[in-house]
Each structure stands twice: as C-alpha cells, then as structure tokens.
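Everything on this sheet refers to the single structure shown next.
Side chains included, hydrogens not; waters and symmetry mates left out as well; all remaining heavy atoms used. Along the sequence shown, the residues carry numbers beginning at 1. Keep in mind that this is a model prediction, so the values were computed, not measured.
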Amino acid sequence: MKLTILGGGGFRVPLVYGALLGDRGEGRVTEVVLHDLDAGRLSAVTRVLAEQAARVEDAPRVSATTDLDEALRGADFVFSAIRVGGLEGRAEDERVALAEGVLGQETVGAGGIAYGLRTVPVAVDIARRVARLAPDAWVINFTNPAGLVTEAMSRHLGDRVIGICDSPVGLGRRIARVLGADPNEAWIDYVGLNHLGWVRGLKIAGRDELPRLLADPDLLGSFEEGKLFGVDWLQSLGAIPNEYLHYYYFNREAVRAYQQAEKTRGAFLADQQARFYDEVGAPGAKALDVWDRTRAEREATYMSENRETAGAGERDADDLSGGYEKVALALMRAIARDERTTLILNVRNQGTLAVLDHDAVIEVPCLVDANGAHPVSVAPLPEHATGLVCSVKAVEQEVLAAAESASRTSAVKAFALHPLVDSVNVARKLVEGYTSVHPGLAYLK
C-alpha cells in the first residue's frame with residue numbers, strides 16, 4: 001500500500017514514519033513517497049527516516065520527489081501536512097496581527113484567517129489533482145487550519161478527505177488518566193470545530209465519569225486544562241474545553257503575553273528548525289539524535305505563553321509524546337483493513353449539528369470502517385458554545401468565499417466577523433498588512 005506525504009520535508013514526518021514502522025500485518029503501508037517543494041528539507045528528513053528504519057526488518061521503502069503529480073499517482077492514502085509560506089509566513093501572521101493588538105496565532109483569530117486565505121487555494125489545487133490522478137485515494141488532512149482546509153478539499157473530494165488533529169486525543173487521554181481509567185476504553189463526548197471543541201462527558205463502562213471530575217477541585221486542578229483554565233471556570237462551563245479555547249476565554253491576557261514575549265511561536269520555530277536542518281546536513285551528523293533533541297524542545301515549549309499567563313507551570317512529561325501520527329495510523333488501518341474503530345475526526349456535518357449546514361466540517365466522534373468516517377449522533381451544544389461555533393463557522397465560510405472569488409471584500413468581512421477581531425477598521429488594516437507581506441495573498445482584488 002502506498003502512502004504519499006505532502007509536506008514530506010516537514011519536521012514531524014518522522015513521527016508518522018515511526019508509527020508505520022510499528023505496524024505489522026496485512027494491508028500495511030509498504031511504500032512512502034515524500035513530496036515537498038524544498039529538496040534540501042526532503043533530503044534531511046529522508047536521512048532521519050533512514051536511521052529510524054536501520055534496525056527494522058521490512059521497513060516501508062521511502063522515496064522523495066518535488067513533482068506533485070508523480071507523488072500522487074497510484075497513492076492509496078495521501079497525508080497532507082503542508083505549510084504554505086513556511087514558518088516565516090507564520091511569523092509574519094503573528095507580527096502583523098500583534099501590531100494591531102489582536103491575536104496572530106496559527107489557527108485562531110487573525111493569524112488563522114491569514115493562514116487559511118493563502119492555504120485554501122493550494123489545498124483546492126491538491127484536491128483537484130488527487131481527484132484526477134488518484135481518484136480512489138483517501139486524503140488525511142493535517143494541514144492547518146485543519147477544519148477549514150478539510151472543508152475546502154471536501155468540495156472536490158467529498159467524504160474521501162478526512163481531517164485529523166491531536167488536540168482532542170490528548171485532551172481525552174488526560175481526562176481519562178486523571179480519572180484512573182484506560183483511555184482506550186473510554187467514550188469521549190467531544191463536539192465542536194477544529195481547535196474549538198468541548199468534552200462534555202467521558203463514559204467508562206457506560207457510566208459518565210466527568211461529573212465526578214468536575215465536582216473534585218483537587219482532581220480537576222491536577223492536569224493541563226485545569227491549570228490552564230482554572231477550576232472555577234471549568235466548573236462554570238460544566239465541560240472541559242480544548243486548550244485552544246484559552247485564546248477565546250483569556251484573549252486579552254494571551255495577546256498581552258504574546259506581545260511581551262521575546263519571540264512569537266512562529267519566529268521561535270523558524271529559528272529552531274533552521275538550526276535542525278543545518279545540523280542534519282552537517283557531515284557525520286546523527287540525524288535521528290538531532291531530530292529527537294529538537295522535538296523534545298518543541299513539545300516542551302508548546303503554548304508556553306498561555307501556561308505562563310495562567311500560572312500552569314511546565315507541561316507534564318506524559319503530554320510530550322504527540323499523538324496525531326497515532327490517529328493517522330488508526331484511521332488508515334480502519335479504512336484499509338475494515339478494522340472498525342471510533343476516532344474524533346473532522347468530517348462533513350451531515351445533520352449532526354442542526355445549527356450548521358450539511359457540508360460544514362465539524363470535529364466529532366466518528367465510526368470508521370472501510371467506507372470512511374461516519375459522524376455519530378450527538379446532543380446539541382449549550383447556547384454559549386453554539387454561539388461561538390456558529391460565529392467561527394461563519395468566518396470560515398467567508399474565507400472560503402474570498403479564496404474562491406479572489407474577493408478582497410470577503411477577506412475583510414472574514415476578519416471583521418471574527419470574535420477576536422473587534423473592529424472593521426482593524427480588519428481592513430489586517431488585510432492591507434497581510435497582502436503587503438504575503439505573495440500568496442496577491443490574488444485578493
């Protein structure tokens with residue numbers, strides 16, 4: 001079985017390949033094709049993968065190419081993890097937004113809109129090529145903003161594109177762990193959009209254990225979200241929000257912390273990864289060791305400004321292991337082998353949330369089998385969550401409209417409607433700022 005990885009020179013590709021190395025049995029991936037526009041990054045990541053596979057018998061063979069059509073032909077699965085504009089583009093997203101006093105985070109607020117506006121046209125082109133060159137392939141999308149990009153691609157691929165994210169997985173795992181349960185045996189009632197969802201229940205042997213957690217201040221304050229949001233706020237919500245909701249519930253504090261930081265997250269990662277690729281390219285470098293060391297630093301500093309604002313301290317060691325590669329592998333196995341399972345995924349709504357359109361992409365538990373991912377029925381969201389979900393989904397629709405029509409007016413509207421951008425005038429300045437620094441937004445007229 002052939003897996004094509006778009007963004008194959010990306011830093012986290014070894015996580016995916018490492019998961020594949022541990023997969024055995026019929027219907028496993030035997031060929032991995034890495035595609036990237038940067039041949040140097042491809043070469044560096046290929047070296048890391050070669051060291052990973054050195055002691056593994058019958059490891060999936062790896063090839064690399066800068067030719068997209070070549071990479072897609074004959075693929076059974078396509079894993080998309082591209083970054084349009086690179087980390088330098090992310091740093092610009094943050095800088096332009098913070099200069100206007102609003103959040104520039106990669107997927108939330110102004111930064112997420114800017115990233116979406118330049119990513120959607122590229123993702124749509126990829127979707128069209130997949131439909132033409134590999135019509136039977138399943139596309140697994142991790143490209144951010146994951147829900148928005150998955151929805152754009154679904155207009156050309158239907159339900160054969162499925163978005164994944166590791167945030168709900170990590171959240172459910174932490175809740176189960178603090179309750180003393182096996183995460184693999186828990187049913188997680190998680191509903192929302194990508195990076196905008198809530199755990200409303202966690203059932204173990206048919207019993208919802210979340211009320212027990214919410215009623216115990218010591219237990220509730222002992223893990224990442226309890227430290228990040230505060231016990232009182234979680235008890236007020238009656239749910240455990242995705243960590244990205246910290247940007248909404250504590251927006252002023254988050255913006256101030258990002259403005260005062262020595263470097264934005266994008267700038268930090270741009271510098272860190274430049275060092276990584278330089279080190280791996282040096283004669284005699286142990287590529288896998290360099291990658292492991294860099295990954296540990298990356299994970300430990302994740303959302304550090306938010307944790308500092310909340311006084312949450314350092315991340316727990318158990319939270320430093322990632323997880324999206326496990327979701328991707330579980331999804332591929334379920335489809336390829338008809339190994340039925342339940343995963344939290346980004347899929348078309350199909351009536352799951354009555355307040356949203358049928359084709360709007362949401363993030364919910366899904367039953368997965370050989371025919372793809374099928375969202376399960378869920379209870380309606382509470383009004384406070386419904387309002388936020390509908391507001392952000394309306395912004396996503398304007399981003400899609402702007403990308404499709406090349407409309408600068410729609411782009412301004414997308415920024416202005418976002419709950420974390422509080423001014424039409426600021427929205428206009430953001431569009432001016434972003435189009436001046438991103439060649440990928442030159443299409444907006």
Side-chain angles (χ1 to χ4, degrees), residues 3-21 32-53 60 62-66 71 78-94 105-107 111 115 119 122-123 140-146 149 164-167 169-170 195 263-282 285-304 315 319-329:
L3 169 65
T4 295
I5 301 179
L6 306 182
F11 180 78
R12 292 208 276 186
V13 168
L15 290 172
V16 178
Y17 190 66
L20 296 176
L21 290 175
V32 176
V33 178
L34 307 180
H35 171 269
D36 204 286
L37 301 178
D38 188 323
R41 287 163 60 93
L42 275 177
S43 177
V45 170
T46 300
R47 283 196 288 274
V48 176
L49 270 52
E51 291 187 19
Q52 284 181 298
V62 177
S63 60
T65 180
T66 56
V78 177
F79 185 77
S80 180
I82 63 173
R83 180 175 292 281
V84 179
L87 285 169
E88 294 77 10
R90 177 176 176 177
E92 290 286 8
D93 290 343
E94 295 163 337
Q105 203 275 336
E106 179 184 24
T107 62
Y115 190 26
T119 302
V122 178
I140 300 173
N141 178 61
F142 189 69
T143 297
N144 277 325
V149 172
I164 66 168
C165 182
D166 49 358
S167 290
V169 175
H195 290 178
K263 286 183 180 179
T264 64
R265 180 65 172 172
F268 167 79
L269 290 176
D271 290 347
Q272 184 204 53
Q273 291 198 20
R275 291 195 303 273
F276 162 74
Y277 289 107
D278 284 346
E279 285 188 55
V280 170
K286 295 182 177 180
L288 184 56
D289 289 346
V290 175
W291 180 81
D292 276 329
R293 184 177 69 250
T294 306
R295 181 178 66 89
E297 180 187 35
R298 176 190 176 114
E299 296 293 342
T301 56
Y302 178 68
M303 291 186 77
S304 59
R315 294 186 77 193
D319 293 331
L320 302 180
S321 57
Y324 86 96
E325 72 283 359
K326 298 173 186 175
V327 181
L329 179 60

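- Side-chain contact check for Leu87 versus Gln273: some heavy-atom pair is nearer than 4.5 Å.
- Residues Asn144 and His195 meet the side-chain proximity criterion, which asks for heavy atoms closer than 4.5 Å.
- For the atom pair CD1 (Ile140) and CD1 (Ile164), the distance works out to 6.0 Å, reported to the nearest 0.5 Å.
- By the 30° and 60° cut-offs, the orientation of the rings of Trp291 relative to Phe11 is tilted.
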Stepwise, does the side chain to side chain contact (heavy atoms under 4.5 Å, CB included) test hold for Leu49 with Leu34?
CA-CA 11 Å; Leu49 270 52; Leu34 307 180; 4.0 Å; yes

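- Shortest non-hydrogen contact noted between Ala64 and Thr46 is CB-OG1, 4.1 Å.
- The distance from atom CD1 of Ile82 to atom OG1 of Thr143, rounded to the nearest 0.5 Å, is 4.5 Å.
- Closest approach of Val45 to Gly8, counting heavy atoms only: CG1-O, 3.5 Å.
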Might you work through the side chain to side chain contact (heavy atoms under 4.5 Å, CB included) test for Lys326 and Val169, ending with a clear yes or no?
CA-CA 10 Å; Lys326 298 173 186 175; Val169 175; over 6 Å; no

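- For the atom pair CZ of Arg295 and CG of Leu288, the computed distance is 9.5 Å after rounding to the nearest 0.5 Å.
- Distance alone, capped at 3.5 Å, places no donor-acceptor pair between the Thr4 side chain and the Val78 backbone.
- Residue Val48 comes nearest to Pro14 through the heavy atom pair CG1-CG, 3.7 Å, listed as atom of the first residue, atom of the second, then distance.
- One distance of note links CG of Leu37 with OG1 of Thr66; it measures 8.0 Å at 0.5 Å rounding.
- The main-chain N or O of Thr301 is found under 3.5 Å from a side-chain atom of Arg265 such that the two form a donor-acceptor pair.
- Minimum heavy-atom separation, Thr65 to Ala71: CG2-CB, 3.8 Å.
- Shortest non-hydrogen contact noted between Tyr277 and Gly10 is OH-C, 3.6 Å.
- In this structure, CG in Leu329 is found 12.5 Å from OH in Tyr324, a value given to the nearest 0.5 Å.
- No side-chain donor-acceptor contact under 3.5 Å links Glu325 to the backbone of Leu15.
- A salt bridge links Glu94 with Arg90; the closest basic N to acidic carboxylate O contact falls under 4.0 Å.
- Using a 4.5 Å heavy-atom threshold, the side chains of Arg293 and Glu279 count as touching.
- Put simply, the side chain of Tyr17 never gets that close to the backbone of Val62: no donor and acceptor are under 3.5 Å apart.
- Closest heavy-atom contact between Phe142 and Arg12: CE2-NH2, 3.1 Å.
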Where do Leu269 and Arg298 land on the side chain to side chain contact (heavy atoms under 4.5 Å, CB included) test, with the steps shown first?
CA-CA 8 Å; Leu269 290 176; Arg298 176 190 176 114; 4.0 Å; yes

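- Note that CG of Asp292 is 12.5 Å distant from NZ of Lys286, once rounded to the nearest 0.5 Å.
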